[in-house]
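Since the structure comes first, as structure tokens, the remarks are kept for the end.
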There are 2 protein chains.
Amino acid sequence: MKKVYFAGSIRGGRQDAALYGEMIAFMEARNCRVLTEHVGLESLQEEGERTLTEEQIYARDMAWLNECDLVVAECTTPSHGVGYELGRARDMGKKVHIFYDLNRGRLSAMLAGDDRFILHPYTDRNDLFDALDRISLEK
Amino acid sequence: MKKVYFAGSIRGGRQDAALYGEMIAFMEARNCRVLTEHVGLESLQEEGERTLTEEQIYARDMAWLNECDLVVAECTTPSHGVGYELGRARDMGKKVHIFYDLNRGRLSAMLAGDDRFILHPYTDRNDLFDALDRISLEK
């Protein structure tokens with residue numbers, strides 16, 4: 001079973017929380033284990049997780065990033081945390097897939113210009129979930 | 001002369017562009033050379049730099065990040081690029097100072113929880129520029 005680190009905005013804004021949840025459920029239905037499943041919970045608001053300190057959140061997420069087989073990030077809503085995770089994941093040599101909605105702004109040049117990242121721009125949901133299907137099922 | 005990599009949001013939103021410009025000018029008046037001076041130009045809009053490809057922007061910024069003596073980031077406006085740069089700077093062993101306005105939201109747990117970063121939360125401009133003065137003048 002493939003272990004996926006899903007990265008999406010929390011404190012940067014939760015407008016895409018429902019989409020994150022759908023992407024996570026979609027991968028989990030295709031034999032993936034998503035370590036960061038909480039990122040897709042609509043009950044998780046911008047203030048973030050309340051029962052953990054910043055250091056505990058950080059330590060847990062970095063352990064998951066180390067453990068994962070691949071990273072899937074939804075990058076339409078700007079987020080320092082997601083950018084940070086992608087920079088660290090790159091330096092760990094992880095495979096990184098980046099999704100973003102072309103209708104809603106431009107991807108950072110730091111992400112778009114890094115040839116180690118696999119970019120998945122989409123203009124509708126079918127494009128997004130077709131790509132996610134291929135990623136989930138590939139060996 | 002100290003070489004500073006200043007990181008601020010471009011495609012994530014330019015609402016703090018004037019503040020970035022003031023921070024850059026302030027450091028330059030204190031014997032710092034800010035490599036990423038363009039981040040503070042109000043003429044630079046969300047679409048980013050038009051005369052360079054993504055790969056050219058990326059290669060230039062990564063060369064500057066490698067070259068700098070320290071990183072100063074203004075992290076009030078969420079940005080994938082800034083988060084990415086901070087993750088990479090950390091892995092390069094750079095000294096990183098992070099500023100953010102406490103009145104305008106919470107800093108990402110990935111940045112707040114990383115004990116390698118030096119955090120400068122502020123509630124007014126005096127706090128910000130006092131800290132920036134100390135950073136600019138320290139050996």
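Every value quoted in this text rests on a predicted model; they were computed, and no experiment measured them.
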Against chain B, work out which of [options] has the most heavy-atom pairs shorter than 4.5 Å and name it.
{"options": "A:Gly83, A:Cys75, A:Ala59", "result": "A:Gly83"}
{"options": "A:Leu107, A:Asp115, A:Ile10", "result": "A:Leu107"}
{"options": "A:Gly113, A:Gly12, A:Gly81", "result": "A:Gly113"}
{"options": "A:Leu52, A:Leu86, A:Leu111", "result": "A:Leu111"}
{"options": "A:Glu46, A:Glu55, A:Arg90", "result": "A:Arg90"}

Tell me the closest heavy-atom pair linking B:Ser108 and A:Arg11, and the distance in Å. C-NH1, 3.9 Å
Give the minimum heavy-atom separation between A:Gly87 and B:Arg88, together with the two atoms involved. O-CD, 3.5 Å
Greater than 12 external heavy atoms within 6.0 Å of [X]'s [atom1]:
{"X": "A:Arg104", "atom1": "CZ", "result": "yes"}
{"X": "B:Lys2", "atom1": "NZ", "result": "yes"}
{"X": "A:Lys95", "atom1": "NZ", "result": "no"}

Do [X] and [Y] land in one hydrophobic cluster if side-chain heavy atoms of ILVMFWY residues count as linked below 4.5 Å?
{"X": "B:Tyr122", "Y": "B:Leu102", "result": "no"}
{"X": "B:Leu132", "Y": "B:Leu35", "result": "no"}
{"X": "A:Tyr100", "Y": "A:Phe129", "result": "no"}
{"X": "A:Leu119", "Y": "A:Val82", "result": "yes"}
{"X": "B:Val34", "Y": "B:Val71", "result": "no"}

Distance from B:Ile98 atom CD1 to A:His80 atom NE2, nearest 0.5 Å? 8.0 Å
Could you measure the distance from the CE atom of B:Met92 to the CG atom of A:Asp91? Nearest 0.5 Å is fine. 7.5 Å
Given a strict heavy-atom distance threshold of 4.5 Å, which part of [X] is in contact with chain A: side chain, backbone, both, or neither?
{"X": "B:Glu85", "result": "side chain"}
{"X": "B:Thr53", "result": "neither"}
{"X": "B:Ile57", "result": "both"}

Do B:Met62 and A:Met110 have side chains that approach each other closer than 4.5 Å (heavy atoms only, starting at C-beta)? yes
If we only count heavy atoms from C-beta on, is the A:Arg106 to B:Glu47 side-chain gap below 4.5 Å? yes
Region of A:Thr77 that comes under 4.5 Å of a non-hydrogen atom in chain B: backbone
Verify the distance criterion only: is there a donor paired with an acceptor across the side chains of B:Asp114 and A:Tyr84 at less than 3.5 Å? yes
